[in-house]
Undergrad: 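Below is the structure I would like to discuss, written out as structure tokens.
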Amino acid sequence: MASIRYADFHRRSLEDRDGFWREQAALIDWHQPFSQVCDYANPPFARWFVGGQTNLCHNAVDRHLADRPDQNALIWVSTEVDKETVYTYRQLHAEVQRMAASLLALGVRKGDRVLVYMPMIPEAAFAMLACARIGAIHSVVFGGFASVSLASRIDDAEPTVVVSADAGSRGGKVVPYKPLLDEAIRLARHKPSNVLMVDRGLSAYDRVEGRDADYAALREQYLDAVVPCTWVDATHPSYTLYTSGTTGKPKGVQRDTGGYAVALAASMKLIYDGRPGETYFSTSDIGWVVGHSYIIYGPLLAGMATIMYEGLPVRPDAGIWWKLVEQYKVTVMFSAPTAVRVLKKQDPAYLSKYDLSSLRALFLAGEPLDEPTAKWIAESLGKPIIDNYWQTETGWPILTICNGVEKAPSKFGSPGKAVYGYDVKLLDEQTGEELKGPNQKGVVAIEGPLPPGCMQTVWRDDKRFVNTYWSSIPSKLVYSTFDWGIRDEDGYFFILGRTDDVINVAGHRLGTREIEESIASHPNVAEVAVVGVADQLKGQVAMAFAVLKDPSKVTTPEATLKLEGEIMKVVDEQLGAVARPARVRFVNLLPKTRSGKLLRRAIQAVCEGRDPGDLTTIEDPSALQTIKELVAAPR
Ligand code: PRX
């Protein structure tokens, strides 16, 4: 493999698409072989491995029982409740069947949705794998989201069952989940028939008679459960995962089964170089796409042990992750630039305290990797640092360095080159023309069909899939990532930020429209604009500018601060603290064009101390001036 030039490998993946993916498909088990590699007769809807039948849970768990039943599969470490539990493949297999039997007992059937609203505990992994086992479609909602976010996802997914827990814990503080879930179900139009509760004994909760089931009791009944894998078509949806976009309503990214299994298995070999029997440690959360692909499915498909970590990177001290690397001989690690920036502020001695010789590389993704952060961690670890650029929509990297194909150097500030299977183009936003020359700025786009593992459609909304992703570039049916980028003369891409209203706070993708809708629900808010502003630690933070219905409420600094706090609380309660803006400022007017369009990019520029650019269409320049002065003024 090492003798293949990456450029040739990439070219073949596009020119001999079916041959290439047929080879990769051999990395997983098929119950029934596929008859067609890719059906793209109805663009942009791609169907991969048509006619084939498989099962994600079989490939992630059962398949390894023959070769590695007693090797570690799931290593759960919680520094929140001071527990460590290790499940071998045999034990994981048993736990997944107990969970699967419990879900079946609650009436879950193939194709039904199961919403998972859980902290980072093993039962969350069991629930995901159990769904895959019985052909149910899981929809994990990040535990940091609150009731209004949760309610909108419940209404869209219409789950038969919600799996949840009494509470999570953060920094040693109990964070109750159940009251938020109860409130979400109260708000939602759709009512799940059952809630399956994992009671950690952290927070007492009210049990809803006839609806809430206790997992410990059900598990006890199904200790010896044998639940065979349900073979499903390769195109059967494995899960949906909600993500933010330009509108306030989150989109359910729908993933298939066969394509996803093949894509992840291939990525474990060609990108992450993770080998069976080794340990993979991704510091993400199961509520995000990285958690789906690289805490749960990817490592398990590869026959690796995966670490699921509940806790902060700096507690009990900033050496905790490195301690785990030493203890479990982690070979592949995956994190986000924000986490590295947090560690960078701590004592560097923690990095030399542990034996990190097992570690081959650290992969980072989710947000731009700035040069100082990349340099610091590369020097401190003395290991390759590999940036990955991708999206919830794609499920696995679009841009990176595929060291499993050909070792190649990284360039600071660049996530690397187009990954095999992806026909990445830079297009002019106005004309749709391809920008072929080096260092030209354009929209990062992907020519269809999207490779295996990428989103099939928007859950129950094919039209939205086409209209959102495939119609934004004039006169071309091409997938838009909604990111700006450039490519240098060597084919390395540089990502320059989103073209839409999505912001990235500490690697968490948020829609400014959702935050605006939440703020606007405060009785004194007439109008509001939320923009993402560069932040040294978190990459970006949300800044809100609100016009009040009754400005007489904020005539003193104390009153202003009080109202700001009140509004933040609204966001905390509705969406969750992840979406809370760093500041809410009050203005008399928002900068708009004469046709009434909010000038978000101008507000963002002013907040970042940049030139707002062309303002010829602005209705009243004083609106932007006020924001400029507010931002410049000391708090
Ligand atoms: O703007 C890009 C940014 O995060 C977006 C996708 O976020 P999400 O759906 O949460 O998926 C994260 C999967 C890793 C992208 O549209 N982004 C992601 N990775 C990078 C990045 N920006 C710069 N460099 C990256 N490596």
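Counting from 1, the numbers follow the sequence of the chain as shown.
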Undergrad: Taking side chain as C-beta onward, heavy atoms only, is Phe45 less than 4.5 Å from Val466?
TA: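 A side-chain contact exists here, since the closest heavy-atom pair is under 4.5 Å.
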Undergrad: Return the orientation label for the Trp321 and Phe281 ring planes: parallel under 30°, perpendicular over 60°, tilted otherwise.
TA: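 Because their plane-to-plane angle is over 60°, the rings of Trp321 and Phe281 count as perpendicular.
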Undergrad: Are side-chain heavy atoms of Gln97 and Val226 found at a separation under 4.5 Å?
TA: yes
Undergrad: Taking the side chain as every heavy atom from C-beta outward, state whether Phe363 and Ile271 have any pair of such atoms under 4.5 Å apart.
TA: yes
Undergrad: Less than 4.0 Å between a side-chain N and a carboxylate O, is that true for Asp182 and Lys178?
TA: yes
Undergrad: Is the side chain of Arg109 donor-acceptor paired with the backbone N or O of Leu104 at a distance under 3.5 Å, no angle test?
TA: yes
Undergrad: Should the pair Arg460-Glu158 be classified as a salt bridge under the 4.0 Å nitrogen-to-oxygen rule?
TA: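 Judged by the 4.0 Å cut-off on N to carboxylate O distance, Arg460 and Glu158 do form a salt bridge.
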Undergrad: Taking only Lys NZ, Arg NE, NH1 and NH2, and the carboxylate oxygens of Asp or Glu, determine whether Asp572 and Arg580 approach each other closer than 4.0 Å.
TA: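 So Asp572 pairs with Arg580 through a salt bridge.
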Undergrad: Under 3.5 Å, which donor-acceptor pairs link side chains of residues 119-139 to any protein atom two or more places apart or in another chain?
TA:
unit_1 : atom_1 : unit_2 : atom_2 : d
Arg133 : NE     : Val227 : O      : 2.6
Arg133 : NH1    : Asp62  : OD1    : 2.8
Arg133 : NH1    : Asp62  : OD2    : 3.3
Arg133 : NH2    : Asp62  : OD2    : 2.8
Arg133 : NH2    : His93  : NE2    : 3.4
Arg133 : NH2    : Val227 : O      : 3.1
His138 : NE2    : Tyr297 : OH     : 2.8
Ser139 : OG     : Thr240 : O      : 3.4
Ser139 : OG     : Thr240 : OG1    : 3.0

Undergrad: Enter the distance from Leu264:CG to Ser293:OG here, rounded to the nearest 0.5 Å.
TA: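 If we round to the nearest 0.5 Å, Leu264:CG and Ser293:OG are 4.5 Å apart.
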Undergrad: According to ring-ring contact (aromatic ring centres under 6.0 Å, His included), does anything in residues 172-229 pair up with another residue at least two apart or in another chain? List the pairs.
TA: Tyr117-Tyr177
Undergrad: Under 4.0 Å between a side-chain nitrogen and a carboxylate oxygen: does that hold for Glu326 and Lys323?
TA: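 Not counted as a salt bridge, because no side-chain N and carboxylate O are separated by less than 4.0 Å.
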Undergrad: Mind telling me whether Phe142 and Trp288 have parallel, tilted or perpendicular rings, with 30° and 60° as the class edges?
TA: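 Tilted, since the angle between the ring planes falls between 30° and 60°.
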Undergrad: Sequence neighbours left out, what pairs pass side-chain hydrogen bond (donor to acceptor under 3.5 Å, both in side chains) with at least one residue falling in residues 305-316?
TA: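 For residues 305-316, and leaving out neighbouring residues, the side-chain hydrogen bond (donor to acceptor under 3.5 Å, both in side chains) pairs sorted by first residue read Ser78-Glu310, Thr79-Tyr309, Arg200-Glu310.
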Undergrad: Regarding Glu95 and Arg98, does a basic nitrogen lie under 4.0 Å from an acidic carboxylate oxygen?
TA: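 Yes, this pair counts.
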Undergrad: How are the rings of Phe465 and Tyr469 set relative to one another: parallel (under 30°), tilted (30 to 60°) or perpendicular (over 60°)?
TA: tilted
Undergrad: So, using side chain to side chain donor-acceptor pair (under 3.5 Å) as the criterion, who are the partners of Thr331 when residues are at least two apart?
TA: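 For Thr331 the side chain to side chain donor-acceptor pair (under 3.5 Å) partners, ignoring immediate neighbours, are Glu278.
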Undergrad: Any non-hydrogen side-chain atom of Pro250 less than 4.5 Å from a side-chain atom of Thr243?
TA: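 The answer is no; the side chains never approach within 4.5 Å.
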Undergrad: Above 12 or not: heavy atoms from other molecules or residues under 6.0 Å from NZ of Lys191?
TA: yes
Undergrad: Salt-bridged, Asp155 to Arg189, with N to O below 4.0 Å?
TA: yes
Undergrad: Considering residues at least two apart in sequence or located in another chain, which fulfil the ring-ring contact (aromatic ring centres under 6.0 Å, His included) criterion with Tyr89?
TA: His64
Undergrad: Kindly determine whether Arg255 and Tyr239 satisfy side chain to side chain donor-acceptor pair (under 3.5 Å), including the steps that lead there.
TA: CA-CA 6 Å; Arg255 196 93 63 210; Tyr239 68 79; 3.0 Å; yes
Undergrad: Which residues satisfy the ring-ring contact (aromatic ring centres under 6.0 Å, His included) test with Tyr242, sequence neighbours excluded?
TA: none
Undergrad: Verify the neighbour count for atom CG of Asp70: are there more than 12 heavy atoms of other residues, nucleotides or ligands below 6.0 Å?
TA: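 Counting neighbours around CG of Asp70, more than 12 heavy atoms of other residues, nucleotides or ligands fall under 6.0 Å, so yes.
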Undergrad: So that I can tick it off, tell me whether Lys251 and Asp156 are bridged by a salt bridge, with the cut-off set at under 4.0 angstrom between side-chain N and carboxylate O.
TA: no
Undergrad: Salt bridge (charged side-chain N to carboxylate O under 4.0 Å, His left out) for Asp256 and Arg47? Distances and angles first, verdict last.
TA: CA-CA 9 Å; Asp256 73 356; Arg47 297 167 72 234; over 6 Å; no
Undergrad: Does the pair Asp500/Arg498 count as a salt bridge with the N-to-O cut at 4.0 Å?
TA: yes
